[in-house]
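Step one of this worksheet: look at the structure below.
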Amino acid sequence: MPELPEVEVVRRGLGPFLTGTRVGNVRVLHERAVRRNGGDFSGELTGAEILHVSRRGKYLWLVTNNDMAVVIHLGMSGQLRIRTKHDAEAPEVARHPHLRLRFTLTDSREEATFLDFLDQRTFGGLHLSPLVRVQREKIPQSILHIARDPLDPYFSFEQFSQKLRAKRTEVKRALLDQSLISGVGNIYADEALWRSRLHGNFQAHQLSGVMVEELVNNVKEVMHEALEQGGTSFDSLYVNVNGESGYFSRNLNVYGRESEPCDRCGFSIERLKFMNRSSFYCPSCQSIEKVSA
DNA sequence: TTTTGGTCCTGGATGC
DNA sequence: TGCATCCAGGACCAAA
């Protein structure tokens, strides 16, 4: 499932192909892919030039020359794939059951390139949003509520710590709250909590400043490691723009490892139902009894 | 205002 | 073999 490292891998992959191209045509094959878009998605985009590709948390956006952004969220199973004309016309690609949207991109130097949006579970989608200036940068209006992610150079630890410690909720739920800190999903939340020896159900307002600092450092660390290995792939649902999988799943300490021994203490890893999803943790290392320092 | 829990959605895996 | 059910989870929304 694409979380921050996976989305960043996609962003890096898209840049060289998309920068400087123009949108020639947009074919929407599944209306749900553009459900968040109010107006005519294809019409408003045709002819626009793509200037660069940006990201905040799990959101990607293509900045166009008319001060608009094509905001993309991959959801659980979204993929962006770059296709050459030859690839795009192959029957297994053109009639792929999960192909939801296709951009035809033109370039003054070469023949058309295609950008395909595939999404098995249709939780992902694209929409247009005007860019608005906030302090040092321009971001899409529709994602103003999304907090800076921990890899953002302007991420403020003090601000995050203050907000987190004011929350009367569990620390894992707070980590998944994109308006508090963005980019953290179920996998990296579990991994960072394990590294911090924190139980996901520990109350956020009981965390000390030192505990928050350690947690943030572990979130950053696990994300950097995942990024270096091209992200986490369990199956074919996450691939980069060339269709290649990442390798970080081999380095996971708790996520998806129910009943296996903890790498730190050997205790059996348990799975807990939390917020309609699974939480993996070591009941020995990550005791709920932990007392705030 | 903040917190909590339900819903959306698809297809692979599993059980009968 | 065929059918039913479970499961995965990010974002959003309504209820408390």
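Chain A is the first sequence line, chain B the second, and so forth, proteins listed ahead of strands; every chain is numbered from 1. Quick caveat, the model's predicted, so the values are computed rather than measured.
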| task | Going 5' to 3' through nucleotides 5-12 of chain B, assign each nucleotide B (protein heavy atom under 4.0 Å from a base atom), S (under 4.0 Å only from sugar-phosphate atoms) or - (no protein heavy atom that close). | result | B-BBBBS-
| request: Figure out the CD/P separation between A:Glu6 and C:dG10, and round it to whole Å. | output: 11 Å
| message | Whether the side chain of A:Glu89 engages the backbone of A:Ala94 through a donor-acceptor N/O pair (distance < 3.5 Å, no angle test) should be reported. | response | no
| field | Whole-Å distance separating the CZ atom of A:Arg56 from the C1' atom of C:dA11 | value | 17 Å
| message | Once you apply a heavy-atom cut-off of 4.0 Å, does A:Arg35 come out as touching a base, just sugar-phosphate, or nothing? | response | nothing
| field | End axis versus end axis in the helix from B:dT2-C:dA16 to B:dC16-C:dG2, the angle rounded to 10°, five pairs used at each terminus | value | 50°
| message | Suppose we screen for side-chain hydrogen bond (donor to acceptor under 3.5 Å, both in side chains). Which residues come up paired with A:Arg35, at least two apart in sequence or across chains? | response | none
| Under the 3.5 angstrom rule, does the side chain of A:Arg257 hit a backbone N or O of A:Pro261 as a donor-acceptor pair? | yes
| message | Atom CD of residue position A:Glu258 - does it have more than 12 heavy atoms of other residues, nucleotides or ligands inside 6.0 Å? | response | yes
| request: Return the value, rounded to whole Å, for the distance between atom NZ of A:Lys163 and atom P of B:dT2. | output: 11 Å
| task | For A:His127, check ring pair (Phe, Tyr, Trp, His ring centres under 6.0 Å) against everything at least two apart and list the hits. | result | none
| query | Listed by chain and number, what are the side-chain hydrogen bond (donor to acceptor under 3.5 Å, both in side chains) partners of A:Glu137, not counting sequence neighbours? | reply | A:Arg56, A:Arg148
| query | Quick one: A:Gln178 CD to B:dT3 P, roughly how many Å, whole number? | reply | 16 Å
| Excluding sequence neighbours, so at least two apart, what forms side chain to side chain contact (heavy atoms under 4.5 Å, CB included) with A:Glu270? | A:Tyr281, A:Pro283
| query | Do A:Arg81 and A:Asp87 meet the salt-bridge criterion of a basic N to acidic O distance under 4.0 Å? | reply | no
